[in-house]
*Asks:* 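One structure is given below, represented as structure tokens, and several questions about it will come after.
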Amino acid sequence: MKMKMRVMNQEPFNAETPNQYLRSWITANRVFFARNQGQIPEKPIPLSDWSLTIEGEVNKPLVLDFDQICRMPKAIVSNTLECSGNSRSLFEKKASGNPWTIGGVGNAVWGGVWLRELLESAGPKANAHHVAFEGLDKPLGSAKIQFIRSIPIEKAMSSSLLAYEMNGEPLPLKHGYPLRALALGWTGANCVKWLHKIIVLDRPFEGFYMDKVYRKFQQGQDPKTGEVVTGINLKSIITQPDKSEILEAGRVTVLGAAYAGESSVERVEISVDDGKAWNPATFIGPNEPYAWRQWQFLWSVKEKGEYTLLSRATDVEGNQQPINANWNVLGYGNNGIREHAVTIQIS
Ligand SMILES: Nc1nc2c(c(=O)[nH]1)N[C@H]1C(S)=C(S)[C@@H](COP(=O)(O)O)O[C@H]1N2
Ligand SMILES: [Mo]
């Protein structure tokens with residue numbers, strides 16, 4: 001079978017994973033979605049030319065080479081990564097940005113080191129509040145703005161990984177070789193690729209990628225006053241059947257995934273009558289922190305006609321996916337039940 005991504009942009013390269021590859025718990029590296037603000041490095045940097053610097057509000061600034069990082073205790077964690085703008089094109093009202101459908105998400109098992117261990121050896125000072133990450137990718141456009149993002153030190157110390165492996169392979173070039181940050185359960189923008197510098201700060205980093213984007217704001221509002229996009233929202237997606245598919249009456253297997261960022265999914269329900277009745281779906285596959293859960297619903301359908309399928313996730317705290325997501329100018333965080341409806345035909 002041909003591996004075909006849905007490419008939205010060649011430069012910068014932005015491509016989403018087709019539904020059929022979202023049906024397994026692990027998303028294969030070769031079809032894992034790609035989101036870039038700058039240029040993917042043309043070739044992998046020789047490891048002898050690469051180092052990781054930790055500086056700023058620390059007692060002991062560090063420069064580490066790749067071997068030193070690999071000799072540290074290895075952590076292996078699963079994590080579902082989702083682009084902040086995933087499902088943007090499914091909002092009824094248009095939002096600006098890449099027209100993602102549901103494929104700006106994927107799940108991988110990552111190998112690396114806990115960021116906490118590195119920060120502890122550098123010794124954050126008492127005024128350390130944010131941790132900024134800088135990537136090596138060359139910026140595009142006339143402004144030439146480097147991709148730099150910062151996260152609160154609590155997140156950096158509790159549940160952030162620096163990954164050099166993805167699904168058992170060295171981190172692929174397009175996913176950040178040789179090292180990337182992963183703020184577990186947080187959207188992709190918080191997970192800087194081609195990482196080479198960590199700067200500990202006394203406040204959030206200020207710059208284009210912190211203040212103008214990755215914030216939820218309304219028309220006419222100053223983006224900087226908008227809420228910063230951090231954790232991945234509770235959400236479920238239907239990955240089979242596809243929209244507009246024509247199927248025969250009888251038994252239909254409905255497949256999907258559900259995820260909840262830093263929380264965990266407790267339950268998924270399916271409606272085949274546009275939201276009137278809800279039926280429980282069954283989980284299949286692994287149940288790991290920060291990772292999505294695959295589910296299925298075996299549907300027995302006798303009558304021909306048009307059907308609208310909806311899925312609804314509930315997390316362990318009892319929160320339920322919203323019927324409709326909150327629209328914002330840049331279309332972040334679309335997790336609406338309605339927006340993810342799949343209408344099909346039974347013939
Ligand atoms: N250095 C760098 N890191 C980056 C980006 C980037 O443009 N440059 N894009 C971010 C965004 S918006 C997302 S969604 C994820 C996508 O990761 P992936 O391409 O490995 O799926 O990378 C993040 N890290
Ligand atoms: Mo993103």
Side-chain angles (χ1 to χ4, degrees), residues 5-9 11-17 21-22 26-41 45 50 52 79-89 95-100 102-110 112 132-141 143-151 160-167 169-199 205 207-210 212-216 228-233 261 330-334:
M5 304 285 287
R6 194 174 78 86
V7 178
M8 295 176 287
N9 246 318
E11 211 184 69
F13 185 69
N14 292 311
E16 74 172 337
T17 307
Y21 303 117
L22 298 173
I26 295 274
T27 313
N29 292 354
R30 64 187 179 281
V31 291
F32 204 95
F33 84 91
R35 168 68 179 117
N36 299 287
Q37 294 281 4
Q39 215 166 358
I40 299 177
I45 185 170
W50 180 89
L52 178 68
N79 182 57
T80 295
L81 191 68
E82 183 181 40
C83 181
S84 316
N86 192 28
S87 299
R88 175 184 287 128
S89 75
S96 39
N98 287 304
W100 298 101
I102 61 170
V105 65
N107 185 55
V109 173
W110 310 84
F133 304 90
E134 187 178 315
L136 273 175
D137 46 333
K138 269 219 249 32
L140 287 166
K144 297 267 179 286
I145 305 161
Q146 201 69 34
F147 192 79
I148 306 177
R149 295 268 309 158
S150 75
I151 62 172
S160 294
L161 193 79
L162 301 184
Y164 51 75
E165 265 180 25
M166 182 176 182
N167 292 327
E169 292 173 4
L171 193 63
L173 181 59
K174 75 176 162 72
H175 297 295
Y177 179 90
L179 192 72
R180 81 175 299 165
L182 285 173
L184 303 179
W186 285 25
T187 65
N190 300 288
C191 305
V192 174
K193 302 189 274 188
W194 309 289
L195 180 66
H196 76 120
K197 196 189 275 182
I198 294 175
I199 313 148
F205 181 77
F208 180 84
Y209 293 111
M210 290 298 291
K212 299 283 193 226
V213 290
Y214 307 120
R215 286 181 185 259
K216 289 185 184 172
V228 178
V229 177
T230 55
I232 292 172
N233 282 341
L330 296 179
Y332 294 133
N334 183 0

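Note that ligands are numbered from 1 as they come in the structure, with each ligand's atoms numbered from 1 the same way.
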*Asks:* Which of the atoms in ligand 1, numbered in the order shown and given with their element, are less than 4.0 Å from a heavy-atom of Ala34?
*Replies:*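 Here the atoms of ligand 1 in question are 19 (O).
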*Asks:* Which residue, Glu169, Lys174, His175, forms the side chain to side chain donor-acceptor pair (under 3.5 Å) with Asn29?
*Replies:*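 It is Glu169, the one option of Glu169, Lys174, His175 that forms the side chain to side chain donor-acceptor pair (under 3.5 Å) with Asn29.
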*Asks:* Does one side chain, of Lys193 or Asn36, offer a donor that lies under 3.5 Å from an acceptor on the other?
*Replies:*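 Their side chains do contain a donor-acceptor pair, which is all the 3.5 Å distance test asks for.
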*Asks:* Nearest heavy-atom pair of Gln146 and Leu136: which atoms, and what distance?
*Replies:*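 Minimum heavy-atom contact is NE2-C, 4.0 Å.
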*Asks:* Using a 4.0 Å heavy-atom cut-off, say whether Leu81 meets ligand 1 through its side chain, its backbone, both or neither.
*Replies:*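 Within the 4.0 Å criterion, Leu81 contacts ligand 1 through side-chain atoms alone.
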*Asks:* Please give me the minimum heavy-atom distance between Ala163 and Leu171, naming the atom from each residue.
*Replies:*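 Distance-wise, the nearest heavy atoms are O-CD2, 3.6 Å.
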*Asks:* Could you measure the distance from the CG atom of Leu52 to the CG atom of Leu162? Nearest 0.5 Å is fine.
*Replies:*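 Going from CG on Leu52 over to CG on Leu162, the span is 6.5 Å.
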*Asks:* With heavy atoms of Phe32 as the reference, note each atom of ligand 1 found under 4.0 Å away.
*Replies:*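 Result: 21 (O).
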*Asks:* Which heavy atom in Ser160 sits nearest to a heavy atom in Ile151, and how many Å separate them?
*Replies:*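 Taking every non-hydrogen atom into account, OG-CD1, 3.6 Å.
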*Asks:* Counting non-hydrogen protein atoms only, what is the nearest one to atom 23 (C) of ligand 1? Give residue, atom name and distance.
*Replies:*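 Its nearest protein heavy-atom neighbour is Gly188 O, 3.1 Å.
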*Asks:* Under 4.0 Å from any heavy atom of His175, which atoms of ligand 1 are there?
*Replies:*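 Per the distance check, 18 (P), 19 (O), 20 (O), 21 (O).
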*Asks:* Which ligand 1 atoms, with their elements, are less than 4.0 angstrom from a heavy-atom of Asp137?
*Replies:*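 This gives 1 (N), 2 (C), 6 (C), 7 (O), 8 (N) as the contact atoms.
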*Asks:* Give the residue, atom name and distance (to 0.1 Å) of the protein heavy atom nearest atom 17 (O) of ligand 1.
*Replies:*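 Result: Arg180 NH2, 3.1 Å.
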*Asks:* Tell me which one of Phe33, Tyr214, Phe147 gets a heavy atom nearest to atom 4 (C) of ligand 1.
*Replies:*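 The option holding the nearest heavy atom is Phe147.
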*Asks:* Check ligand 1 against Asn36 and write out every atom of the ligand that is under 4.0 Å from a heavy-atom position of the residue.
*Replies:*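 It comes down to these atoms of ligand 1: 7 (O).
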*Asks:* Taking distance alone, with no angle check, do Cys191 and ligand 1 share an N/O pair under 3.5 Å?
*Replies:*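 Checking ligand 1 against Cys191, an N or O pair does fall under 3.5 Å apart.
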*Asks:* Where is the tightest heavy-atom contact between Thr187 and Gly231, given as atom of each residue plus distance?
*Replies:*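 In this case the closest contact between Thr187 and Gly231 is CG2-O, 4.2 Å.
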*Asks:* For ligand 1, note which part of Glu82 has a heavy atom under 4.0 Å away: side chain, backbone, both or neither.
*Replies:*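 None of Glu82 does.
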*Asks:* Taking only heavy atoms of Cys83 into account, list the atoms of ligand 1 that are under 4.0 Å away from them.
*Replies:*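 In order of numbering, the contacting atoms are 14 (S).
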*Asks:* What closest approach, in Å, do His196 and Trp50 show between heavy atoms, and which atom pair accounts for it?
*Replies:*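 Scanning both residues completely, I find the closest heavy atoms to be CB-NE1, 4.2 Å.
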*Asks:* Write out the residue and atom name of the closest protein heavy atom to atom 7 (O) of ligand 1, then the distance separating them to 0.1 Å.
*Replies:*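 Atom 7 (O) of ligand 1 sits closest to the protein heavy atom Gln37 N, 2.7 Å.
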*Asks:* Note the single closest protein heavy atom to atom 9 (N) of ligand 1, along with its residue, its atom name and the distance in Å.
*Replies:*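 The closest heavy atom on the protein side is Arg35 O, 3.5 Å.
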*Asks:* When you measure from atom 19 (O) of ligand 1 to every protein heavy atom, which one gives the shortest distance, and what is it?
*Replies:*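 For this ligand atom, the closest protein heavy atom is Lys193 NZ, 2.5 Å.
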*Asks:* Keeping the roles fixed (side chain from Asn167, backbone from Val109), state whether a donor-acceptor pair exists under 3.5 Å.
*Replies:*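 Confirmed, Asn167 side chain pairs with Val109 backbone.
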*Asks:* What do you reckon, is NZ of Lys212 surrounded by more than 12 foreign heavy atoms closer than 6.0 Å?
*Replies:*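 12 or below, so no.
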*Asks:* Under a 3.5 Å distance rule, please check whether Thr27 uses its side chain to pair with a backbone N or O of Phe32 as donor and acceptor.
*Replies:*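 Checked: no pair found.
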*Asks:* Can an N or O of Ser84 be found at a distance shorter than 3.5 Å from an N or O of ligand 1?
*Replies:*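 No.
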*Asks:* For ligand 1, which atoms sit closer than 4.0 Å to a heavy atom of Val192?
*Replies:*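 Selected atoms, number and element: 1 (N), 3 (N), 24 (N).
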*Asks:* Can a non-hydrogen atom of Arg149 be found less than 4.0 Å from any atom of ligand 1?
*Replies:*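 Outside the 4.0 Å threshold, so no.
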*Asks:* Which of the numbered atoms in ligand 1 are under 4.0 angstrom from any heavy atom belonging to Trp194?
*Replies:*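 By the 4.0 Å cutoff, the relevant atoms are 1 (N), 2 (C), 8 (N).
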*Asks:* Does a donor on one side chain sit under 3.5 Å from an acceptor on the other, for Arg149 and Asn190?
*Replies:*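 Checked: Arg149/Asn190 side chains pair up, N/O donor to acceptor below 3.5 Å.
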